[in-house]
Amino acid sequence: MGLLENKFQDNVVVASMDKLLGWARSTSPWFFQFGLACCAIEMMATAASRHDLMRIGMIPRSSPRQADVMIVAGTVTMKMALRIKKLYEQMANPKYVIAMGSCATSGGPYWQHGYHVLKGVDLVVPVDVYIPGCPPRPEALIEGLLKLQEKIQMDRPLTKKIA
Amino acid sequence: MGVVHGDLMTLNIGPQHPSTHGVLRLKVKTDGEIISEVEPIIGYLHRCFEKHCENVTYDQVIPYTDRCDYIAAMNNNFGYAVAVEELMEIKVPERVEYIRVIVAELNRIASHLLALGAFGLDVGAFTPFLYMFRDRERILDLFEVLCGARLLYNYIWVGGISHDFPPNFDSKIIEFLDYFEPKIDEYNNLLTFNKIFIERTADIGVLPPEIAISYGVSGPNLRGSGVTWDLRRDDPYSIYDKFDFNIVIGEGEMGTVGDCWDRYFVRMIEMKESVKIIRQALKTLPSGDVHQALPKKIRPPKGSIYKRTESPRGDLAYYIVSDGSPIPYRLKMRSPAFTSLSVLEEISSGWMMSDVLAILGSLDIVLGEIDR
Amino acid sequence: MSDEQIKLIEEAVAKALTGDMDMINNIEDRVTRSKAKAALVKAKREAKKSPVSDSENPPSPAPSKPSVGDEKLSFIDDVVAKALAGDMDAINNIEDRVTRSKAKAALVKAKRLAKSSTVEDAPKPEESTIEDSIPTKKSFYQIVAEAIDKKFTGSLSNNDVNGYIQLNGQNWFEIAQYLRDNPDFLFDSLQCVTGYDYGVEGELEVRYNLHSMTHNHAIEIRIKTNRTNPKVPSVEQVWRIGDWFERETYDMYGIEFEGHRNMSRILLPDDWEGWPLLKDYETQETYHGIVVPKVKDGWE
């Protein structure tokens, strides 16, 4: 951008629209407050006093319509799997899914004999970030969310993709 | 002038509603704002606990008991260990018993803090939730020092515990208790005697003692109805008969005996009693080797046992059938939250829509334990 | 393993079978020694098997009958005779743990017999042990069982009430009401209902744990039912918690509770196939298009 350099005052930033959108979206991904099992308690602990999720722009929403990120926190069962799919479909685009804990990632400790446990939430919805742990510590969840923010930042919503 | 009844409307709450404490679905039939029928639909978290138990060895069952009641994992480990030990006739060292009681009571406090905080959230008080989580984090820190895990500990084993107390751990617990005891008054000022809170909970969802017993309700919910029943005193396991503590019952201070406020207040005062037990146990904590009685192979003799213990939610029982092999032939868990939830249908009809969530919150359910 | 070692092991085992354990124990190399011992155990087991399979005994011997080869029995007799003569070493030197304990048990028996034959009028030891096992005071289970039998004749499956009461399901609803309301028992709380599967060929069973808040006592009641069409009377209207407990048992075992007002699945979805806690349960392949078993594409 040699032409534009030093042509403006200090408080003007020059960037592509794509990057700006990515940056803006990445800093306020509201998450769908949706606890399933043990991991939900750690998710609550992350949102509560000590770890305070709001400082990285994450605000819990109770409705899928208002949320950008769905954190699948806990074991997904067969009975629940169809609901998860429905909830995911209700979210507005662009939407992201985090599989929190080993149950949501792969079935976890219920992998072998769990006849009623879904072996990984990625069998029903696409997953962006997997967080290992049983349950993951709040720090791990925050790291996962930051990784998701990185991913959102790289999105180029305006760029036409060549098929 | 007769009462005009409109058509009943069916309303679906859950399974992803924020007030249902997990994945519970309530099918509510309402006449305007008045509830005429509530049908809880459970099973959204059925994780096949009993099938797993029939396929893994006795010691491998312990992590699964953790995950059943993930809010009070120590107490679930405790109940299972006590049951298997009684089946195998193992006598555990004195120090182990003391340590178990201390951690179980600490976890009871943590569990009650979460229950009370979430109950506050249900009736619209957000701030107490933050206060209670702040203090719960301190207990979790203690457990983390003790066994490395924050939530699911796998700490109490059959015949012993996984680690002894680290150095100076007693003083850390004392420090916490000294910090925590005055906080109970703070919660009381903040929430318990708050006018709005009392309006929302007193006289709501009254649970008479006969109905509670017929529905198998136990623990703080039963004591809230004025029944003096606590397995720690009435069927003492481990060394609970050595400690001096009161059994808190609901007295209808703000309304009728057995209302939501009573169930809430019983939990609040029970935390004080737990603190009392921990202090007594720390004072007389004996020394010794905690791994002394750990069996090399857990192979209980043929037979069955039904053993109950007092978890923060009530009578937690394990029915274990052994066929002499290292794998349980049948293991059934009688979970207190399962019975507590079944009473919701009975006590919530006739109340307003918003009261149902208050009643549900006051029952303190954990879905992992209901669905197993 | 070298030929030398194999030869050594064979020799040692042959010697040990005749009773001379020294050669095995004296083998210096630890690995060879343990191998020799393993070979010895194998040889002994084969020796034990052959008389059983040769004789007219059925393949599954009755549990009460000791399935010990004739050689061993005569060996035990020899040792016991020696021990009675004062030579305890003979018994203590038996290598095989099972045989040793059997020999010791035989010795105790022999000693007791000898004692009772010498001391006149002394009660026979077998009798005295039986007397010990029956308490003079009736156990609580017996009291309850007798009360049930008196009121509802023919509803007890057997009179052996050791730790539980076995009913045959007849009149169970009335018995439950009786147990709840009788002032002596007052079982006002149904603690737990457990389904139980006796195995792929066996029967199903329902186990009830009752408890009385007033008297603080508890009993266990068991009712058997057949596997093809399992049915048990419902007690849902006696204890209200029976409602959910019975639905859960139905969900896991397929046992139908007659008289239950809402007999449907509680934990699993309504359109689930099979009864998961039966021992011969096989998971269904898909549920609404979702793969149920553990194998995922590209795994394993």
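Only a predicted model underlies this, so the values are computations on that prediction, with no experimental measurement involved. Reminder, nothing fancy here: chain letters follow the sequence lines and each chain counts from 1.
- With a 4.5 Å cut-off on non-hydrogen atoms, C:Phe245 touches chain B through its backbone and its side chain both.
- Using a cut-off of 4.0 Å between Lys/Arg side-chain N and Asp/Glu carboxylate O, B:Lys332 and C:Glu248 are scored as salt-bridged.
- Heavy-atom neighbours of B:Lys27 NZ from other residues, nucleotides or ligands within 6.0 Å: at or below the threshold of 12.
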Could you walk me through whether B:Glu345 and C:Trp244 pass the side chain to side chain contact (heavy atoms under 4.5 Å, CB included) check?
-> CA-CA 12 Å; B:Glu345 220 170 334; C:Trp244 278 28; 4.3 Å; yes
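- Atom-to-atom distance recorded for C:Asp188:CG and B:Ser214:OG is 9.0 Å, nearest 0.5 angstrom.
- C:Glu282 CD: 12 or fewer foreign heavy atoms inside a 6.0 Å radius.
- Heavy atoms of B:Leu331 lying under 4.5 Å from chain C are absent altogether.
- In this structure, the portion of C:Leu268 lying under 4.5 Å from any heavy atom of chain B is its side chain and not its backbone.
- Contacts between B:Tyr215 and chain C at a heavy-atom distance below 4.5 Å involve backbone atoms as well as side-chain atoms.
- In terms of non-hydrogen atom pairs under 4.5 Å with chain C, the most contact-rich of B:Ser218, B:Pro40, B:Cys48 is B:Pro40.
- Neither the backbone nor the side chain of B:Val227 comes within contact range of chain C; no heavy atoms are under 4.5 Å apart.
- Taking CH2 of B:Trp229 as the start and OG of C:Ser189 as the end, the distance is 8.0 Å to the nearest 0.5 Å.
- Note: C:Trp239 CH2 to B:Thr339 OG1 = 15.5 Å, rounded to the nearest 0.5 Å.
- Only the backbone of C:Asp197 comes within contact range of chain B, judged by heavy atoms closer than 4.5 Å.
- Using a 4.5 Å heavy-atom cut-off against chain B, the contacting residues of residues 216-228 of chain C are C:Asn216, C:Glu220, C:Arg222.
- Residue pairs meeting the ring pair (Phe, Tyr, Trp, His ring centres under 6.0 Å) criterion with at least one partner in residues 246-269 of chain C, sequence neighbours excluded, are C:Tyr250-C:Trp275.
- If you measure heavy-atom distances from C:Tyr198 to chain B, the contacts under 4.5 Å come from the backbone alone.
- Contacts with chain B (heavy atom to heavy atom, under 4.5 Å) involve these residues of residues 206-214 of chain C, listed by number: C:Arg207, C:Asn209, C:His211, C:Met213.
- Top candidate by heavy-atom pairs under 4.5 Å with chain C, chosen from B:His46, B:Glu54, B:Arg330, is B:Arg330.
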Determine, step by step, whether C:Ile241 and B:Ser342 satisfy the side chain to side chain contact (heavy atoms under 4.5 Å, CB included) criterion, reporting the C-alpha distance in whole Å, the side-chain angles of both residues, the deciding distance to 0.1 Å, and the verdict.
-> CA-CA 7 Å; C:Ile241 183 58; B:Ser342 73; 3.4 Å; yes
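- Classification of C:Arg240 and B:Glu210 as a salt-bridged pair fails, no side-chain N sitting under 4.0 Å from a carboxylate O.
- Here B:Arg308 pairs with B:Asp235, B:Asp315 under the salt bridge (charged side-chain N to carboxylate O under 4.0 Å, His left out) rule; sequence neighbours left out.
- In this structure, B:Lys51 forms no cation-pi arrangement with C:Tyr281, as its terminal cationic atom is not both closer than 6.0 Å to the ring centre and no more than 45° off the ring axis.
- Taking CD1 from C:Ile266 and CG from B:Asp371, the interatomic distance works out to 9.0 Å, rounded to the nearest 0.5 Å.
- How far CE of C:Met252 is from CD of B:Glu50: 7.0 Å, rounded to the nearest 0.5 Å.
- Proximity to chain C is absent for every atom of B:Ile211, based on heavy atoms less than 4.5 angstrom apart.
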